[in-house]
Student: 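Provided herewith is a single structure, encoded as structure tokens, for subsequent inquiry.
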Amino acid sequence: MSYVMETYSRLPIRLVRGKGCRVWDDEGNEYLDMISGIAVCNLGHAHPAVVRALRDQAGELFHCSNLYRIPQQELLARMLAENAFDSRAFFCNSGAEANEAAIKLARRFCNSSGKRGSHIITFEGSFHGRTLATVAATGQGKFRKGFDPIPSGFSTVPYGDIDALEAAIDERVGAVMLEAIQGEGGIRIPPAGFLQRVRQLCDEKGLLMILDEVQTGMGRTGKLFGYMHEEVVPDIMTMAKALGNGFPVGAMIAKPHVAEAFTPGSHASTFGGNPLAMASSIATLNVMIEERIPEKSCEQGRCFVDRLGRLKASHPAITAIRGRGLMIGVEFDADIATLNAEGLKKGILLNIIQGRILRLAPPLVITTEEIDEAIEKIHAVLTEKGL
Ligand SMILES: Cc1ncc(COP(=O)(O)O)c(C=O)c1O
């Protein structure tokens, strides 16, 4: 009997320790981690720089609220402006909250401009979070089931389809919201140039482009942020997951003229951007930049996809392998929902999305030897399952 609500179908192991790409359970069993707490621990578990930053900050000040200036917020906001695009930042605690803030900012901007409506177009297959507004924005009906009334003001078009997007834009629409690569939707990479064309369309029609980089951000795709593959700049961007390498933190950044739509009192969060969250994020971003982690993600991603391509020859159930950096999807023509349980027996943490896609999102510090080890274990799992 558990006193925890049953919102997850959990695997039976209890993880208690991690180091780099490896984690251990309470019985001492070791696992190679191919999911990083769902694209969160991008620098690996217990990264010394992040541990040190958190320990140091914990001895100084955990929390003080946003009633006061928080120097670490000022620094992280500047680092994001310098390493992403000229922006102002709002800090919160999760991806859903960052997207909720983005939706509120976009609506306030549109409503105050008086030129357009504040309706937001999102994409089929997208995932933006579990709050009511973010499930409304999410392009997968299953996440809305049973939660009526759902907030209005959103509609979806097929991902990657620029003509459908253009056709859906009327005077009610004020913004377009999308992921650089759809993560939960099945590691769906849009056609080349798609982000650029969305940007152009937004410019032509006077719409805001909101980019959800919660999963694709922080080096996951081989660039610091996913949009950097196409040299476009969104108006509003959200991040969370890997920002604090596992410490709960989210951020919504916006171009300065858009950010002005928020004034004191328009939006807030008690914990958002507290000194502990900021210390872990600053340390994480510093390591990302100094150790050129996005480049490593790009190189190791190529290596992983190459090895997976060879593996495919002995496993005909694999129908497609796609990825950018270390955000990789291996699609099967069979239901593979039980692969993760089989993975535990072989000492590897695997993650399945949409029932038939194996999502590989290991820490970005994974070595070539660890990729080889992962391939061996995946081969053993697939062989065991007759795939
Ligand atoms: C693209 C994207 N946006 C938003 C979220 C929600 O983030 P969180 O679970 O931190 O609220 C996720 C989580 O998987 C995500 O992948």
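When a ligand or atom number is given, it counts from 1 through the structure's own listing order. Hydrogens, waters and symmetry mates are skipped; everything else that's a heavy atom, side chains included, is used.
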Student: Ignoring hydrogens and geometry beyond distance, is a side-chain donor-acceptor pair present between D333 and T319 at under 3.5 Å?
Tutor: no
Student: Can you confirm, on distance only, whether ligand 1 has an N/O atom lying under 3.5 Å from any N/O atom belonging to I38?
Tutor: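 Between I38 and ligand 1 (N or O atoms, distance only) the closest approach is not under 3.5 Å.
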Student: Heavy-atom count check: over 12 atoms from other residues, nucleotides or ligands less than 6.0 Å from R302 CZ?
Tutor: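 Check fails, neighbour count at 12 or below.
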Student: Please list, in number order, the atoms of ligand 1 under 4.0 Å from a heavy atom of N99.
Tutor: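 The atoms of ligand 1 under 4.0 Å from a heavy atom of N99 are 3 (N), 4 (C).
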Student: Taking heavy atoms and a distance under 4.0 Å, where does H128 meet ligand 1: side chain, backbone, both or neither?
Tutor: backbone
Student: Counting each atom of ligand 1 from 1 as listed, which ones have a heavy atom of E179 under 4.0 Å away?
Tutor: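 Contacts of ligand 1 toward E179, numbered from 1: 1 (C).
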Student: Cut-off 3.5 Å, side chains only: do H128 and T122 have a donor facing an acceptor?
Tutor: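 Judged by distance alone, the side chains do not pair up.
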Student: For the hydrophobic clusters of this structure (ILVMFWY residues joined by side-chain heavy atoms under 4.5 Å, transitively), does one cluster hold both L344 and L387?
Tutor: no
Student: Once you round to the nearest 0.5 Å, how far does CD1 of I366 lie from SG of C303?
Tutor: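 It is 8.5 Å, given to the nearest 0.5 Å.
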Student: Taking the six-membered ring for Trp, are F123 and F194 parallel (under 30°), tilted (30 to 60°) or perpendicular (over 60°)?
Tutor: perpendicular
Student: Is there at least one pair of N or O atoms, one from G95 and one from ligand 1, spaced under 3.5 Å apart?
Tutor: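 Yes - when backbone and side-chain N and O of G95 are compared with those of ligand 1, one distance drops under 3.5 Å.
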Student: With heavy-atom distances below 4.0 Å as the criterion, list the atoms of ligand 1 near Q215.
Tutor: 14 (O), 16 (O)
Student: If you have a sec, work out which protein heavy atom is nearest atom 11 (O) of ligand 1 and how many Å separate them, to one decimal?
Tutor: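 Residue, atom and distance for the closest contact: A96 N, 2.8 Å.
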Student: Hey, are R188 and Q354 close enough side-chain-wise for a donor-acceptor pair under 3.5 Å?
Tutor: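 Looking only at side-chain atoms, R188 and Q354 do not form any donor-acceptor pair under 3.5 Å.
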Student: How does A240 reach ligand 1, if at all, at less than 4.0 Å between non-hydrogen atoms: by side chain, backbone, both, or neither?
Tutor: neither
Student: Just need the protein heavy atom nearest to atom 2 (C) of ligand 1, so name the residue and atom and give the distance.
Tutor: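 Of every protein heavy atom, F127 O, 3.3 Å lies nearest to atom 2 (C) of ligand 1.
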Student: Is at least one protein non-hydrogen atom found at under 4.0 angstrom from atom 16 (O) of ligand 1?
Tutor: yes
Student: Which atom pairs, donor and acceptor, lie under 3.5 Å between side-chain atoms of residues 37-54 and protein residues at least two apart or in another chain?
Tutor:
| unit_1 | atom_1 | unit_2 | atom_2 | d |
| --- | --- | --- | --- | --- |
| N42 | OD1 | R220 | NH2 | 2.7 |
| N42 | ND2 | M218 | O | 2.9 |
| H45 | NE2 | D33 | OD2 | 2.7 |
| H47 | ND1 | A49 | N | 3.1 |

Student: Would you say the side-chain atoms of Q140 and Q182 include a donor-acceptor pair closer than 3.5 Å?
Tutor: no
Student: Just jot down the ligand 1 atoms closer than 4.0 angstrom to any heavy atom of S94, in number order.
Tutor: 10 (O), 11 (O)
Student: Kindly confirm or rule out an N or O of E97 lying under 3.5 angstrom from an N or O of ligand 1.
Tutor: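 Between E97 and ligand 1, no N or O pair is found under 3.5 Å apart.
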Student: Please list every donor-acceptor pair under 3.5 Å in which a side-chain atom of residues 274-285 meets a protein atom from a residue at least two apart or in another chain.
Tutor:
| unit_1 | atom_1 | unit_2 | atom_2 | d |
| --- | --- | --- | --- | --- |
| N274 | OD1 | L276 | N | 3.1 |
| N274 | OD1 | A277 | N | 3.0 |
| N274 | ND2 | F62 | O | 3.4 |
| N274 | ND2 | H63 | ND1 | 3.4 |
| S280 | OG | L276 | O | 3.4 |
| S280 | OG | A277 | O | 2.9 |
| S281 | OG | A277 | O | 2.7 |
| T284 | OG1 | S280 | O | 2.6 |

Student: Are any of the heavy atoms in K241 under 4.0 Å away from ligand 1?
Tutor: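 Yes.
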Student: Enumerate the atoms of ligand 1 whose separation from the nearest heavy atom of V214 is less than 4.0 angstrom.
Tutor: 2 (C), 3 (N), 4 (C), 5 (C), 7 (O), 12 (C), 15 (C)
Student: Tell me: protein heavy atom nearest atom 3 (N) of ligand 1, and distance?
Tutor: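 The closest one turns out to be D212 OD2, 2.7 Å.
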